[in-house]
Visitor: 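Before we start, here is the structure in question, set down as structure tokens.
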Amino acid sequence: MIAFVSGTVAALAPDSAVVEVGGVGMALQCTPDTLAKLRLGEPARLHTSLVVREDSLTLYGFADDDERQVFELLQTASGVGPRLAQAMLAVHSPDALRRAVATADEKALTAVPGIGKKGAQKLLLELKDRLGAPTGTVSAAAPAAQGWRDQLHTALVGLGYAPREADEAVSAVAPEAEAAGGTPQVGQLLKAALQTLNRAR
């Protein structure tokens, strides 16, 4: 129904963004990774998925069409609604989810809040032939790993925190990022950084 929205970012929150489209503010639920790429007052184009319920209309926004497609495919599995699908994408990139399903990696799925061991086994069975093979985009994104501090700092400042507060939050989550090794997930680090800032206030 609504394939994408394009306009100026009018507001950012820990789990949503408002994009002004032709004088109308469109509220979109977004993953931390998507939010980390948005800047207040700057233009943005987000791919969208509209979830219609009896008592609500919720628009979910994604940085690219691949993420949107995976979000919709995840919901074809029984027991997976939009919130759980979004939680899965908050923890794993689309390609990481494809790889987890392709290699029957239960541990990767149980890392998502709300998914237990039995749920992970069921999802692996149901999604096996739906998500497709990994596309290999993770290696292409690897150079960005070195810049996770800058990405995280910019995202926090974009959410309205002072540069000094952002510096402190980045330092607070640095041990978690280094412990993860490889490519730190900026989305997960953003969540952790927001928690430390909320505790400090």
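On a predicted model such as this, the values are computed, not experimentally measured, just so you know.
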Visitor: What do the steps show when you test R98 against V70 for side chain to side chain contact (heavy atoms under 4.5 Å, CB included), and what is the final call?
Guide: CA-CA 9 Å; R98 288 191 192 98; V70 170; 3.6 Å; yes
Visitor: Run the side chain to side chain contact (heavy atoms under 4.5 Å, CB included) check on R39 and V9 step by step: do they pass?
Guide: CA-CA 7 Å; R39 303 287 173 265; V9 179; over 6 Å; no
Visitor: Same cluster or not: L125 versus L74, using hydrophobic residues (I, L, V, M, F, W, Y) connected whenever any side-chain heavy atoms lie under 4.5 Å apart?
Guide: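 Unlinked, L125 and L74 end up in two clusters.
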Visitor: Can you find a pair of side-chain heavy atoms, one from V91 and one from P113, that are under 4.5 Å apart?
Guide: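 The answer is yes, as the side chains (C-beta and beyond) meet within the 4.5 Å cut-off.
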Visitor: Applying side-chain hydrogen bond (donor to acceptor under 3.5 Å, both in side chains) as the test, list every pair that has at least one member in residues 9-24; sequence neighbours left out.
Guide: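 Not a single pair qualifies under side-chain hydrogen bond (donor to acceptor under 3.5 Å, both in side chains).
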Visitor: Please check if V18 and V24 belong to a single hydrophobic cluster, counting links between Ile, Leu, Val, Met, Phe, Trp and Tyr side chain heavy atoms closer than 4.5 Å.
Guide: no
Visitor: How far does CG of D65 sit from CG of L46, to the nearest 0.5 angstrom?
Guide: 12.0 Å
Visitor: Give the minimum heavy-atom separation between P175 and A172, together with the two atoms involved.
Guide: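 Scanning both residues, the minimum pair turns out to be CD-O, 3.5 Å.
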Visitor: Just do the side chain to side chain contact (heavy atoms under 4.5 Å, CB included) check on L97 and L127 with the steps written out, would you?
Guide: CA-CA 10 Å; L97 282 171; L127 294 171; over 6 Å; no
Visitor: What's the spacing between S93 OG and R99 CZ if we round to 0.5 Å?
Guide: 6.5 Å
Visitor: With a 4.5 Å heavy-atom cut-off, do L89 and P94 have their side chains touching?
Guide: yes
Visitor: I need the L109 CG to L124 CG distance, nearest 0.5 Å.
Guide: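 Here the interatomic distance stands at 5.0 Å.
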Visitor: Answer yes if V51 and L57 sit in the same cluster of Ile, Leu, Val, Met, Phe, Trp and Tyr residues linked by side chain heavy atoms under 4.5 Å apart, and no otherwise.
Guide: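 They do not share one cluster, since no chain of ILVMFWY contacts under 4.5 Å joins V51 to L57.
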Visitor: Apply side chain to side chain contact (heavy atoms under 4.5 Å, CB included) to R130 and V101, showing your working.
Guide: CA-CA 10 Å; R130 298 183 198 178; V101 171; over 6 Å; no
Visitor: With rounding to the nearest 0.5 angstrom, report the CD1 to CE distance, I115 to M88.
Guide: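 The CE atom of M88 is 4.5 Å from CD1 of I115, to the nearest 0.5 Å.
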Visitor: Decide salt bridge (Lys or Arg N to Asp or Glu O under 4.0 Å) for R164 and D167; before the verdict, give the C-alpha distance in whole Å, the side-chain angles of both, and the deciding distance to 0.1 Å.
Guide: CA-CA 5 Å; R164 182 185 54 78; D167 284 335; over 6 Å; no
Visitor: Between OG1 of T48 and CD1 of I2, what distance do you get to the nearest 0.5 Å?
Guide: 6.0 Å
Visitor: ring-ring contact (aromatic ring centres under 6.0 Å, His included): which pairs involve residues 70-114, sequence neighbours left out?
Guide: Y60-F71, F62-F71
Visitor: Could you measure the distance from the CG atom of L28 to the OG1 atom of T34? Nearest 0.5 Å is fine.
Guide: 10.0 Å
Visitor: Would the distance check show the side chain of E165 and the main-chain N or O of A162 forming a donor-acceptor pair, the cut-off being under 3.5 Å?
Guide: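 Such a contact is found between E165 side chain and A162 backbone.
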Visitor: S49 and side chain to side chain donor-acceptor pair (under 3.5 Å): which partner among E72, E67, R68, Q75?
Guide: E72
Visitor: Provide the closest heavy-atom pair for L38 versus A17 in the form atom of the first, atom of the second, distance.
Guide: CD1-CB, 3.8 Å
Visitor: Can you name the closest pair of heavy atoms from L73 and T76 and give their distance?
Guide: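 Taking every non-hydrogen atom into account, O-OG1, 2.5 Å.
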Visitor: Between P14 and L35, what is the shortest heavy-atom contact and its length?
Guide: O-CD1, 3.1 Å
Visitor: Of all the heavy-atom pairs spanning S6 and V21, show the shortest one and how long it is.
Guide: O-CG2, 3.7 Å
Visitor: Show me, pair by pair, the donor-acceptor contacts under 3.5 angstrom made by side chains of residues 77-86, not counting sequence neighbours?
Guide:
from: S78; atom 1: OG; to: K122; atom 2: NZ; distance (Å): 3.4
from: S78; atom 1: OG; to: E126; atom 2: OE2; distance (Å): 2.6
from: Q86; atom 1: NE2; to: Q29; atom 2: O; distance (Å): 3.4
from: Q86; atom 1: NE2; to: C30; atom 2: O; distance (Å): 3.4

